[in-house]
Amino acid sequence: MMDLKGVTLQFDDFTALDNINLHIEKGSAFGLLGSNGAGKSTVLRLLSGVYKAKSGNVLVDGEEVFDNVNAKKKIFFINDETVQFGGMTLKELKEFYKGYYESFSGELFDSLNDVIKLPVNKKMDKFSKGMKRQAIVITGIAAQTDYLLLDEAFDGLDPTMRIIVKRMLVDAMIDRKLTTVISSHNLKEINEVCDSAALLHQGKILFNRDLDSIKGNVHKIQAAFKGEMTKENFTDMEVLHFERRQSITYMIVKGDLEFIKNNINEKKPDILDIIPLTLEEIFIYEMEGMGYDYKGNN
Amino acid sequence: MTTKEITNNTVKKHSVILHNIFQNIRDQRKLIIIIAFLHLISVPVLLITMAYNVTSGINNAPDEGYALLTVGLTAGAGLLGIAAAMSSFRYLYKKSEVDMALSLPISRKNKFLSDFVSGLSVYIIPFIAVQVISVILMLIFHLTIDGRTYAISRYGLEVSYKCTLFGDIVKPYFELLFGGILIMVMLYALTVFIMTCCGSLFESILYTVLVNGMIPALIFSFSYSLIDNLYGVMAMYKVKNFLYFTSPAGALIGLIENISSGIDGIRNTPIIFLLLGMLVFTALVTSASYFIYMKRRAEYVGRPFVFKILYYFTISSIIISVALPAENFLKNNNEAAFFPVLILTAIVYLALEMAANRGLKGIWKGALRYVLTIGLAFGFSFLFTKTEGFGTVRNIPSANSIRKVSLSLSDEQPYTMPVQMKSLFFKLDYLDEAGFMVFEDRESIQIITDIHEGYMSVYKQIVREHGDVIENYDPSYEYHYYPITIAYYYKNGGTAVRRYSVISIEGIQTLLKLFDTESYKKNLTDYYVNTTKKEYLNAVDLNKTNGDYNPKLQIWNHGFFNSIISPVYTDNIISEYNILDYPLSLYEELSAAYAGDLAEKGSGIYDEGLDYNFKIFYLLGINYIFDDSYHRTVGVMDKYGLLDGIEFDKEIVFDEKNMKKQLALSNVSILSYDDFVNITNQNKVSDFSSHMLHSEQTNKNSSEKLKYLYENSEDLLTLLEVSRTQYITDDKCYTIIVNGIVAVIPAEYNSIAQRVYNSAREYDSTEYEKGLADGLFDTNEENYIQ
């Protein structure tokens, strides 16, 4: 498992992470969500031992990660850059990482490449961005570390390749209980791969939850009442968003669906519809509920 | 953890380090090829050209231009050490690389060390490999290194063989090679240090260039602007250790000076210290790099500076390096120095501030720092000058703290003490390679510090008369000019060198005490008894081998001034001369006696004249000049009958009846002061030998010349009696040279000397004209002088 305990990190006057607490279970697929500059990449760099926290602890299986070879052996970090491998061929990339990771499997690398069929002896600076991403992802999987950290992992991949790469990741998670931490601002991708996620905003974690529970716990209500209803009429529910358009009231409500239904029915609505929410909508309304303006106005 | 597990972990750790090293080297293979190529087309190609010329018999010297190009190519390849460091540690300035580099399962310590080693290998290994190739080429083609000497002359290539594997060149060659490698390592280590302090490629390159240049520039600036103005202090010696051990460029200067002739002939930094200094520099800089590397954070990548101290150091150095010499220069040439310097340095400073801050941000802080820097620089300059380099000028070392002293005296006045003294000390092996007299005994060291004390007294007198501190005052206008350089070598390894140009005649006479020391007496004995004995035995052996040596002595009744006793070869014996056995015991006794006489005389030798009946015992290039006052020597000579029939006195010498005996007169000259000083006027020297030349060539009897001598005999005898072979004066005197022995005629006899001189010149001129008219002389001046 990976833990960030009370981690703060500052870049000069800018607080990149502010007293972050995060727990990632071993064998899980964890998503880090957030807008640009939220601190997702910073968390991954802390978890991979690239950055050192100014205060707090960054632990992998109970060990501090920074400058700890034993901990770092268990982690493979794929950042959002691809240019650093430009001078290498795929074969050289394999040899490069093979020397650092004892667990690296050349056979697995080759078998994964059999699927995506990247040229082995061609310099990677001739590769497209997507091809480079594929190359480094299969390298990360072939390293067979306990933890795989991916920063904007699917950036640049075409839809087909996204499916293939996700499949590879899922297979690895199933086969050897690989813990994956994926950062993205694309909720759909997180939704497809991860089982839990944290939402970062301005260096803070807004929430950290199981995705199924998130999805099952936030509901979009469309109702029409005889009288004029305001948000104050629903104080017994956790209303993340309230909006009236003519006679129709739209609400995003967090909580048990039966409880919400009963609560609204007590106010005798003429119409009551429960509309499914996308994960993106859930996050936007969650943030709004916490006082953050999703339009970026804080 | 079991032993097996520990062993496995160690092996794995090592394999990761090695993997990191090889991976880095592999990444930089293009750079390796470039470095190797540059080295390959420099020295090896030059050697092959030389070898081709030697083996093919083409007497064309290698193109001098290519030799220069070789230096340029090697230097170019040397500078690529910066590229090797930049490449190995690229993740320190390249954002795209930092995540990959620092997330790898290798500790920061091992990452640093292996990256350091790999970059260094990329840089150094091609150089070493090419040097190995060069040595092999030298050995194959017998160029330089195996004793075959190779020279370029006007006739082309000249090759000679010494038949000794690894000749004299080997030591300096390997010193240069090893020193060169260490300088390369220094450059590499310094670049890594700068990179750890910077976060961007631009700053890394710019500050590598600036720091490499600014360290020596700062030292030179300090030396030129401040130390050079200190009376007697030789700036380069004061700063050389800072220069040699603080930058690759300085170390290169140190290495070149060490392998060549040192600074002004003083090579007082042994090569081993220089090499050790380079190692210490590298170790310190690498340790600092490691420390900063371990402290620096990945997020600093992209910033101009990670540790701004480098920036402050560089920018301050630039300002000081510009301000101090500019102030010094302007002060010497223009009274209003302050504002131009201020404006110039302010422009430089603010330009660098804007570059570092990427704009005008923080410009006010920068301006404040500038004011502080310039204020400190000028304040320090003022303080340094007013305190005479914090007391350096007046500091006279205690004799107890000195291990050895070397002394150099000016050759300005040819017949005065410095030249003679140098000659004497040279004979006794006191001189080092650069011609400095070296003293290591406590007594001599004390004498020299006393002399130093004397110089200081003169200086203090000048200061009293001309103000508190002398700046650019040339005291030689008011005082006698006897430049002297004293180099102190402290017991603690330090050195101090002083050069003074002012001292009273009494001051320099103090140096005579050096001839009264126990060390001098011991060295005299060693020289005459041991050193020359060895030479004698070697000569006997050599001549025995040649089969033509007969250890006999031949006595030459050499004119009225002296006799020459010299060893003789069997087939060279001239029957009319005395031939004596020449046993080793004679030699040993004579040497010991002569050394004893000289030791007894000590500095008193300066009170002796050029006796007209002195004798010369000539052996293996060494003259034993003595007269009757050398009672030990005369005793031995008498014992072996060496003086039989060669005694002359005044009456005999100038008795016309004995004139035949003077036929052997070969060289008596009288020179005016100007003749002696100005070598170009030597054709005007009144040289008696020219008469001999004339009379011999005309087959005339020498009676005419002898008549002339006789007519002037009283004056000549007077001059011979009063002349001094050792003499200290700052008067302008005549000089008399008899058979190569130079003696000074004290100034009070100038009128007699002038009379003889004029008379001789008149005679000389007449004879010369006659000779010319007869077509006897080669008009070539050189031949005439002979």
Side-chain angles (χ1 to χ4, degrees), chain A residues 9-12 14 16-17 41-42 44-54 60 65-89 92-93 95-104 132 136 139-140 143 145-151, chain B residues 1 5 8-31 87 90-112 114 118 199 293-306 308 361-362:
Chain A
L9 185 65
Q10 286 174 310
F11 301 145
D12 295 325
F14 173 67
L17 294 176
S41 299
T42 305
L44 291 180
R45 288 188 177 109
L46 280 165
L47 287 170
S48 59
V50 174
Y51 286 172
K52 187 183 182 186
K54 192 187 176 196
V60 169
V65 184
F66 185 79
D67 205 16
N68 181 347
V69 176
N70 278 336
K72 287 169 89 173
K73 273 183 199 168
K74 300 175 187 171
I75 303 161
F76 194 99
F77 174 40
I78 299 170
N79 73 353
D80 55 349
E81 291 276 0
T82 48
V83 291
Q84 67 268 38
F85 307 110
M88 295 183 190
T89 62
E92 286 166 350
L93 183 72
E95 294 306 319
F96 177 81
Y97 279 107
K98 206 172 174 181
Y100 292 107
Y101 290 95
E102 296 157 26
S103 51
F104 195 96
K132 286 179 201 164
I136 190 62
T139 308
T145 52
D146 292 347
Y147 301 91
L148 182 62
L149 314 181
L150 299 106
D151 195 1
Chain B
M1 200 180 273
E5 281 171 329
N8 280 343
N9 282 345
T10 311
V11 171
K12 281 168 190 167
K13 192 173 86 180
H14 288 165
S15 69
V16 169
I17 294 169
L18 287 176
H19 176 73
N20 197 58
I21 291 172
F22 289 129
Q23 196 61 48
N24 262 334
I25 292 173
R26 189 175 163 164
D27 287 349
Q28 296 179 66
R29 50 190 182 267
K30 281 180 189 168
L31 185 60
S87 179
R90 58 190 178 276
Y91 55 90
L92 294 181
Y93 62 82
K94 216 169 177 181
K95 275 189 170 175
S96 59
E97 301 262 351
V98 66
D99 287 345
M100 182 183 80
L102 299 183
S103 64
L104 292 170
I106 177 169
S107 69
R108 295 216 165 193
K109 177 183 146 196
N110 290 337
K111 177 82 180 144
F112 175 84
S114 52
S118 55
Y293 180 92
M294 296 300 280
K295 290 279 174 194
R296 69 175 273 158
R297 296 177 171 201
E299 56 265 34
Y300 294 157
V301 175
R303 290 181 181 185
F305 294 99
V306 171
K308 265 204 147 179
K361 190 183 155 194

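Being a predicted model, the structure only gives us computed values, none of them experimental. Naming: A, B, ... by sequence-line order, numbering from 1 per chain.
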**Study point:** Contacting moiety of B:R90, where chain A heavy atoms sit under 4.5 Å
**Key:**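 Interface part for B:R90: neither.
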
Review point. Given a strict heavy-atom distance threshold of 4.5 Å, which part of B:R297 is in contact with chain A: side chain, backbone, both, or neither?
Key: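 It is the side chain, since no backbone atom gets that close.
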
Looking at every non-hydrogen atom in both residues, tell me the closest pair between [X] and [Y] and how far apart they are.
{"X": "B:L104", "Y": "A:Y97", "value": "CD2-CE2, 3.6 Å"}
{"X": "A:Y100", "Y": "B:P105", "value": "O-CG, 3.3 Å"}
{"X": "A:V50", "Y": "B:A298", "value": "O-CB, 3.4 Å"}
{"X": "B:H19", "Y": "A:F96", "value": "NE2-O, 2.7 Å"}

With heavy-atom distances below 4.5 Å as the criterion, would you say the side chains of [X] and [Y] are in contact?
{"X": "A:D12", "Y": "B:E299", "value": "no"}
{"X": "A:N79", "Y": "B:M100", "value": "no"}
{"X": "A:E102", "Y": "B:V16", "value": "no"}

Review point. Using non-hydrogen atoms only, which part of A:I78 is less than 4.5 Å away from chain B: side chain, backbone, both, or neither?
Key: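 Contact with chain B involves no heavy atom of A:I78 at all.
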
**Study point:** Contacting region of A:F66 [heavy-atom separation from chain B under 4.5 Å]
**Key:**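 When you check distances to chain B, only side chain atoms of A:F66 fall under 4.5 Å.
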
Check your understanding: What residues form a side chain to side chain donor-acceptor pair (under 3.5 Å) with A:E95, not counting sequence neighbours?
Key ->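 In terms of side chain to side chain donor-acceptor pair (under 3.5 Å), with neighbours along the sequence ignored, A:E95 is linked to no residue.
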
Check your understanding: Can you tell me how far CG of B:D99 sits from CG of A:L149, rounded to the nearest 0.5 angstrom?
Key ->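 The CG atom of A:L149 sits 10.5 Å away from the CG atom of B:D99.
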
Exercise for review: To the nearest 0.5 Å, tell me how far B:S103 OG sits from A:Y51 OH.
Suggested key: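 Nearest 0.5 Å value for the OG-OH distance: 12.0 Å.
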
Exercise for review: For each of A:K52, A:R45, A:M88, tally heavy-atom pairs with chain B at distances under 4.5 Å, and name the one with the top tally.
Suggested key: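 Top count of heavy-atom pairs under 4.5 Å with chain B: A:R45.
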
**Study point:** chain A contacts, top residue of B:N20, B:V98, B:I106 (heavy-atom pairs, under 4.5 Å)
**Key:**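 Option with the greatest count: B:N20.
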
Check your understanding: Quick one: does A:K72's side chain have a donor or acceptor within less than 3.5 Å of a partner on B:L102's backbone?
Key ->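 Flag set: sc A:K72 to bb B:L102 pair under 3.5 Å.
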
Exercise for review: Run the salt-bridge test on A:E81 and B:K95 with the 4.0 Å N-O cut-off and return the result as yes or no.
Suggested key: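 Here A:E81 does not pair with B:K95 in a salt bridge, since their nearest N and O are not under 4.0 Å apart.
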
Point to revise | Greater than 12 external heavy atoms within 6.0 Å of A:K54's NZ | key: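 Open.
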
